[in-house]
There are 2 protein chains.
Amino acid sequence: MKLTPVSERFILHWGEMGSRWGVNRTVSQIHALLYIAGRPLPADEITDTLGVARSNVSNSLKELQGWGLISVVHLMGDRRDHFETTGDVWGLAHAIFKERKKREFDPTVDFLRDCVNSPDYGKEEKDAQKRIAATLQFMETVSSWGDELLKLDPETLMKVMKLGAKIQKLIRG
Amino acid sequence: MKLTPVSERFILHWGEMGSRWGVNRTVSQIHALLYIAGRPLPADEITDTLGVARSNVSNSLKELQGWGLISVVHLMGDRRDHFETTGDVWGLAHAIFKERKKREFDPTVDFLRDCVNSPDYGKEEKDAQKRIAATLQFMETVSSWGDELLKLDPETLMKVMKLGAKIQKLIRG
DNA sequence: ATGTAAATTCTGTATAAACAGAAATATTCC
DNA sequence: GGAATATTTCTGTTTATACAGAATTTACAT
């Protein structure tokens, strides 16, 4: 697949940012490619377009499935797997947010709960106890807030975001 | 500094999660230590407590300063630098959120703006153009929402979070 | 100035992640 | 069943990061 200049830049940028987002370059490049392509692509076409090893593509596709970002589809008269991603940026953001929360946030909330319930907890300095408890409480609040937001439909969430700081007035009133 | 069992677990957990959060283990361990200690520590004490090389501590402290998570203080009659972090979980979350947004989000928003304004943009498939534009618009909305939230004081933000999904009613009404 | 403590930078090593290419496995068609 | 195609797993290499320990620099005291 021949890439236009903008597509190419897009894919390269996505790949570079990937490392900051905790996913490797090839994985994010493949995702970007599928997003730009807007149609299901077979692994070989991804391989050719990005110029990486076929095995690398295979593993990366697996990881993207683990993130819930791509799905396999089949085309009539073609035995190859084809891969596609949502063209809908909301769906994407939803999947990414959900998965990152699960991987980066929830384990620590669980851990902190465990700490606080541990028999050793009382042996801690009073100040340290306070800070740990406050951290847990804070993270629990953020966590359930996140879950709530994930439940909202795009339109509502968009309104919430557009509201921005003006929400203060609603709360006070 | 002798660590209690919970403190030790806390620091180790923080260190492990660090890699998922994009910072290395020593960096996050040091931060956790300062957070638990609740008082300014000199580099040597950090070195001894964590059992890592002095040079490693030095570099990690630099990185934590880059994140705006620690500050240097001096104690009377002691020439050594001492390092401390906010004991306030809100302050912490604020600093982390702000910095992550800056590093992981804003560059892509800038990049997408650049794409859309590029002379090559028109050569793109109509569908791809739409998706890129939608991505930009979405990320811009999220970005300014983030900025707004960062401006709110903790109490208000807490109320917003506690409100959760019930915010829908406020919006409709 | 010279010595001493503190902090940083430099250099090499170890570790882990990413990746290519080969080999092996699975799938579908005849 | 066997050939052809598609996919995954395995193995070794490369590359990037983390780190220790040494060397250097900086800051301060006398």
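In the text below, chain A, chain B and the rest are named by the order of the sequence lines, each starting its count at 1.
- For B:Trp67, there are no ring-ring contact (aromatic ring centres under 6.0 Å, His included) partners, not counting sequence neighbours.
- Clustering of Ile, Leu, Val, Met, Phe, Trp and Tyr by side-chain heavy atoms under 4.5 Å joins A:Phe97 with A:Leu150.
- In this structure, B:Ile70 CD1 and B:Phe83 CZ are separated by 6.0 Å, a value rounded to the nearest 0.5 Å.
- Applying the salt bridge (Lys or Arg N to Asp or Glu O under 4.0 Å) definition to pairs two or more places apart or across chains, those involving residues 135-146 of chain A are A:Arg113-A:Glu140.
- Remark: B:Lys62 is not in phosphate contact with C:dA7, judged by side-chain N or O atoms under 4.0 Å from OP1 or OP2.
- Listed by chain and number, the residues in a ring-ring contact (aromatic ring centres under 6.0 Å, His included) with A:Phe10 are A:Trp14 (sequence neighbours excluded).
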Pairs under 3.5 angstrom only: tabulate donor-acceptor contacts from the side chains of residues 21-37 of chain A to other protein residues two or more places apart or in another chain.
unit_1: A:Trp21; atom_1: NE1; unit_2: B:Glu104; atom_2: O; d: 2.9
unit_1: A:Asn24; atom_1: OD1; unit_2: A:Thr26; atom_2: N; d: 3.0
unit_1: A:Asn24; atom_1: OD1; unit_2: A:Val27; atom_2: N; d: 3.1
unit_1: A:Thr26; atom_1: OG1; unit_2: A:Asn56; atom_2: ND2; d: 3.2
unit_1: A:Ser28; atom_1: OG; unit_2: A:Asn24; atom_2: O; d: 3.0
unit_1: A:Ser28; atom_1: OG; unit_2: A:Arg25; atom_2: O; d: 3.2
unit_1: A:His31; atom_1: NE2; unit_2: A:Thr85; atom_2: OG1; d: 3.1
unit_1: A:Tyr35; atom_1: OH; unit_2: B:Arg131; atom_2: O; d: 3.4
unit_1: A:Tyr35; atom_1: OH; unit_2: B:Thr135; atom_2: OG1; d: 2.6

| request: Do nucleotides 18-30 of chain C as a string where each nucleotide becomes B, S or -: B if the base has a protein heavy atom under 4.0 Å, S if just the sugar-phosphate does, - if no protein is that close. | output: SSBB-----BB--
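- Summarising the hydrophobic clusters (Ile, Leu, Val, Met, Phe, Trp, Tyr; side-chain heavy atoms under 4.5 Å, direct or chained), the residues clustered with B:Leu75 are B:Val73.
- Taking the ring-ring contact (aromatic ring centres under 6.0 Å, His included) definition, one finds that A:Phe105 meets it with nothing, sequence neighbours left out.
- When DNA chain D is scanned in the 5' to 3' direction for atoms under 4.0 Å from non-hydrogen atoms of chain A, the outermost contacting nucleotides are D:dA4 to D:dT9.
- Checked against ring-ring contact (aromatic ring centres under 6.0 Å, His included), A:Phe138 has the following partners two or more places apart in sequence or in another chain: B:Trp90.
- For residues 29-50 of chain B, proximity to DNA chain C is found at no residue, defined as any non-hydrogen atom under 4.0 angstrom from a strand atom.
- With sequence neighbours left out, the salt bridge (charged side-chain N to carboxylate O under 4.0 Å, His left out) criterion links B:Asp147 to B:Lys101.
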